[in-house]
Number of protein chains: 2
Amino acid sequence: MNQDKQTRQTKKTTIYDLAELAGTSASAVSAVLNGNWKKRRISSQLADRITRLAEEQGYALNMQASLLRREKSKIIGMIVPKYDNRYFGSIVETFETMARERGLFPIITCTRRDPELEIEAARTMLSYQVEWLVATGATDPDRISDICAASGVRSLNLDLPGSRAPSVISDNFAGARELTRRVLTNCERKLGRVEPLLFVGGRGGDHNTSERVRGFRAAHAEMGLEVSENHILTCGYAPEKAEIALEALAEKEGSLTPGMFVNSTISLEGVMRWIKRSRHYDARPPVVGCFDWDPFVALLGDDIEMVRQDVPSMLNAVFDIIDQGTSKQPLIEIPPLFMGRG
Amino acid sequence: MNQDKQTRQTKKTTIYDLAELAGTSASAVSAVLNGNWKKRRISSQLADRITRLAEEQGYALNMQASLLRREKSKIIGMIVPKYDNRYFGSIVETFETMARERGLFPIITCTRRDPELEIEAARTMLSYQVEWLVATGATDPDRISDICAASGVRSLNLDLPGSRAPSVISDNFAGARELTRRVLTNCERKLGRVEPLLFVGGRGGDHNTSERVRGFRAAHAEMGLEVSENHILTCGYAPEKAEIALEALAEKEGSLTPGMFVNSTISLEGVMRWIKRSRHYDARPPVVGCFDWDPFVALLGDDIEMVRQDVPSMLNAVFDIIDQGTSKQPLIEIPPLFMGRG
DNA sequence: CTTCGTTGCTCAATCGATGAAGCAAGAATT
DNA sequence: AATTCTTGCTTCATCGATTGAGCAACGAAG
């Protein structure tokens with residue numbers, strides 16, 4: 001039984017193996033290794049001996065067995081749509097760090113904006129006994145909340161709100177309104193006059209996009225500008241979709257607006273590609289605002305205004321709810337940050 | 001026991017609860033729910049009844065209990081340094097997809113280039129009974145391989161090689177040599193003459209950086225150009241480090257080379273920031289090559305040549321090893337892709 | 001009318017860790 | 001000397017799912 005040990009083992013060392021080697025019981029080994037040997041009145045000599053043996057044998061706790069026995073799993077799950085932009089990347093990184101600070105084990109899974117995969121991922125996380133599930137930018141947050149509720153697991157929405165669980169999102173309306181104001185101001189400074197902007201990207205149905213469109217309209221209204229329905233291109237998030245939408249509009253209308261509001265860096269990727277390819281803006285580069293931040297976009301020219309969603313504050317709000325166990329408000333809106341130009 | 005059910009439950013439904021409700025045994029429930037009820041000769045009527053009940057009650061398998069009993073966990077772990085660039089983002093996304101295709105459950109954790117955290121994360125993954133651990137861009141891959149080997153868990157290195165486990169990396173030497181050639185050619189085209197480049201970013205000690213420096217030197221040598229030791233700035237990966245290094249060199253030498261080789265998009269962030277701030281290249285923009293790809297960098301100007309590491313091929317190689325169980329070669333080098341300009 | 005085969009289940013051990021309860025031996029108190 | 005306390009352990013049930021072994025009931029074959 002312990003000769004595998006000698007010959008570079010096949011099976012893993014358990015507390016029973018250590019107990020045999022130490023000439024003691026598994027329960028003593030367990031008590032020593034999880035640190036409450038004082039409480040259980042194990043002598044420090046035995047504790048030392050066990051600790052040394054565990055180290056020698058390269059013992060690793062079997063979490064499955066431990067979790068099965070314990071009441072709390074300390075596992076916290078997160079579902080994320082993509083890893084292809086700074087926003088989600090920093091959400092994930094911050095989430096992991098803050099979870100670990102609290103002694104929680106974060107499990108993150110990427111669902112590539114696939115509604116089926118989201119549901120399957122949520123179910124899998126429940127099987128792993130997560131104590132909380134954070135659904136980030138989910139296509140159907142309420143479905144996920146329901147699945148969690150049915151298992152008695154608490155859930156939270158991040159980035160996109162739902163109605164059946166507390167939600168932490170950016171203040172999309174105020175952010176978009178301010179961004180639009182700034183782009184319009186830049187427009188005036190560059191061109192000597194203000195003209196209504198184009199809105200590009202996002203899904204028409206989602207909360208964030210509709211709030212941003214509302215902010216976009218509000219800023220135009222303040223300045224007495226009319227926004228044409230044809231100039232709201234909520235064509236989806238993928239870069240190609242933005243390219244196609246712009247191409248179609250240019251074909252239909254002949255000329256394009258001098259400025260635009262782009263709904264994410266991902267859409268901006270398509271917009272910039274199209275601008276470059278179509279040569280529509282060769283004479284005078286467009287005045288652009290982007291609802292999201294990317295370090296290279298910041299270097300792309302001096303006419304791109306960006307709002308940066310305040311990831312640390314959003315995750316502080318998320319973990320406040322988790323730490324407290326509940327939330328007073330069902331919806332928490334975090335003001336985004338303005339990055340200025342230059 | 002099943003009245004919690006009625007009153008929105010507190011505890012989770014188990015196969016024992018379902019067995020009681022169905023008037024059968026837990027073992028029948030288990031057989032039905034994990035799909036081998038035919039093998040165990042359960043009647044399809046009972047199977048249907050159990051399946052319906054499970055759905056009604058929102059039953060979710062307790063993975064901890066299931067894994068404890070089973071021999072294979074089907075969990076596969078990955079350690080990643082950062083989520084702040086496209087390269088690691090796409091590694092993670094591809095890894096998750098390919099793992100799921102194989103019925104494996106991927107657990108990914110980000111260690112922020114912190115050696116302590118890497119080790120701790122590896123140990124935690126072992127506790128969760130991972131069958132494989134992929135260490136991506138690890139600072140000390142061999143340490144991780146040893147820890148895994150001590151528990152009989154197989155490991156793999158990705159992006160940065162180690163000596164105690166199979167490694168899949170980019171062909172850094174050939175990639176860097178070709179990138180350098182191209183930048184030198186661009187230099188000639190733009191300026192009418194070739195001049196040695198500056199190498200910026202990366203850690204001097206790491207395999208990738210030293211291979212890239214070797215490729216960089218080889219391309220210079222081919223063209224009869226001498227590379228000054230002072231022009232190899234392996235200052236680390238963080239953007240600020242690149243800024244500081246450039247600032248220091250500019251101060252020391254007065255003028256800078258007309259072209260440069262930047263070792264990652266993260267370093268490029270700092271390089272571009274410094275170029276903009278210092279106004280050193282205002283008269284004539286530098287001719288730049290970057291070992292890594294980013295969509296916005298592609299739009300940044302027409303003088304930035306990029307190599308894109310071939311993430312799908314790299315992960316195919318990784319999963320080939322996992323599927324086969326072993327690797328013939330200890331080191332697999334995947335040629336990176338050239339993205340051309342425009 | 002016995003024997004065998006088949007169907008459709010149930011029983012009970014097991015995975016590894018945990019912790020309440022218990023117990024033996026010695027020290028301290030009455 | 002008898003009792004109580006303390007120390008330092010061990011025993012055993014438990015968490016939920018899995019699975020080999022077993023068993024009852026029934027039909028078919030001999």
Side-chain angles (χ1 to χ4, degrees), chain A residues 1 9-50 54 57-75 126-129 131 151-152, chain B residues 1-2 9-50 54 57-75 126-129 151-152:
Chain A
M1 179 153 279
Q9 80 212 83
T10 341
K11 299 202 73 186
K12 284 177 182 162
T13 313
T14 69
I15 53 169
Y16 298 93
D17 300 335
L18 295 179
E20 208 184 320
L21 288 171
T24 181
S25 71
S27 119
V29 174
S30 169
V32 169
L33 296 180
N34 65 34
N36 53 10
W37 52 279
K38 292 221 159 155
K39 220 173 300 170
R40 314 244 345 238
R41 298 187 313 219
I42 307 290
S43 67
S44 53
Q45 303 143 59
L46 181 54
D48 283 356
R49 193 145 42 93
I50 289 174
Q57 302 292 316
Y59 170 80
L61 175 68
N62 181 326
M63 208 47 117
Q64 264 76 48
S66 175
L67 291 182
L68 178 58
R69 191 64 230 284
R70 283 172 6 203
E71 68 309 350
K72 314 202 83 192
S73 74
K74 303 237 170 202
I75 300 181
L126 292 182
S127 285
Y128 280 92
Q129 311 301 109
E131 290 179 16
S151 290
Chain B
M1 181 155 279
N2 65 345
Q9 79 213 78
T10 341
K11 298 201 77 186
K12 284 176 182 164
T13 313
T14 69
I15 52 169
Y16 297 93
D17 300 334
L18 295 179
E20 208 183 321
L21 288 171
T24 181
S25 72
S27 110
V29 174
S30 169
V32 170
L33 296 180
N34 66 34
N36 55 7
W37 53 279
K38 292 219 161 158
K39 219 173 302 168
R40 298 195 49 123
R41 299 188 310 223
I42 305 290
S43 67
S44 54
Q45 304 143 57
L46 180 56
D48 282 355
R49 194 145 43 93
I50 289 173
Q57 303 292 315
Y59 170 80
L61 174 70
N62 182 326
M63 206 48 117
Q64 264 77 49
S66 175
L67 291 181
L68 178 57
R69 190 63 229 284
R70 281 168 12 199
E71 69 308 352
K72 315 201 83 189
S73 73
K74 303 235 169 204
I75 300 181
L126 292 182
S127 284
Y128 281 90
Q129 311 298 110
S151 290

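Below, chain A is the first sequence line, B the second, and so on; all start at residue 1.
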Between B/Met63 and A/Gln64, is there a side-chain heavy-atom distance shorter than 4.5 Å?
no

By the 4.0 Å heavy-atom rule, please label B/Leu67 as base, sugar-phosphate, or nothing.
nothing

Any side-chain N or O of B/Tyr59 less than 4.0 Å from the OP1 or OP2 oxygen of D/dA17?
yes

Does a side-chain N or O of A/Ser43 approach OP1 or OP2 of D/dC9 to a distance below 4.0 Å, or not?
yes

Nucleotide C/dA17, atom P - distance to CD of A/Glu71 in whole Å
17 Å

5'-most by nearest nucleotide on DNA chain C - B/Thr24 or B/Leu68
B/Thr24

Minimum side-chain heavy-atom gap A/Asn62-A/Thr14 below 4.5 Å:
no

Of the candidates C/dG8, C/dA17, C/dT10, the side chain of B/Arg41 sits closest to C/dG8

Sugar-phosphate, base or nothing in reach of A/Leu61, heavy atoms under 4.0 Å:
sugar-phosphate

A/Arg40 has a side chain; which of D/dA17, D/dT19, C/dA21 sits nearest to it?
C/dA21

Looking at A/Thr14, does any N or O in its side chain come under 4.0 Å of the phosphate oxygens OP1/OP2 on C/dC15?
no

In whole Å, I'd like the distance from the NZ atom of B/Lys12 to the P atom of D/dA17.
11 Å

For the side chain of A/Asn34, starting at C-beta, report the closest nucleotide among C/dG16, D/dC9, C/dG19.
C/dG19

By nearest-heavy-atom nucleotide on DNA chain D, the more 5' of A/Arg70 and A/Gly23 is A/Gly23

Under 3.5 Å, side chain of A/Arg49 to main-chain N/O of A/Ala22, donor-acceptor pair present?
yes

Which of C/dG16, C/dG8, D/dA17 is nearest the side chain of A/Asn62? It is C/dG16

Using the closest heavy atom to pick a nucleotide of DNA chain C for each, name whichever of A/Ser30 or B/Ser25 lands nearer the 5' end.
B/Ser25

What is the distance from NZ of A/Lys38 to P of D/dT7, rounded to the nearest Å?
13 Å

Return no unless some side-chain N or O of B/Tyr16 is found under 4.0 Å from OP1 or OP2 of C/dT10.
no

Of the options C/dC15, C/dC9, D/dA17, whose atoms approach the side-chain atoms of B/Ser66 most closely?
D/dA17

Do B/Leu18 and B/Leu33 make a side-chain contact, defined as non-hydrogen atoms from C-beta onward lying under 4.5 Å apart?
yes

Under 4.0 angstrom, heavy atoms only, what part of the nucleic acid is A/Ser27 near: base, sugar-phosphate, or nothing?
base

Starting at atom CE of B/Met63, determine the distance to atom P of D/dA17, rounded to an integer number of angstrom.
11 Å

Would a 4.5 Å heavy-atom cut-off, applied to side chains only, mark B/Tyr59 and A/Ser151 as touching?
no

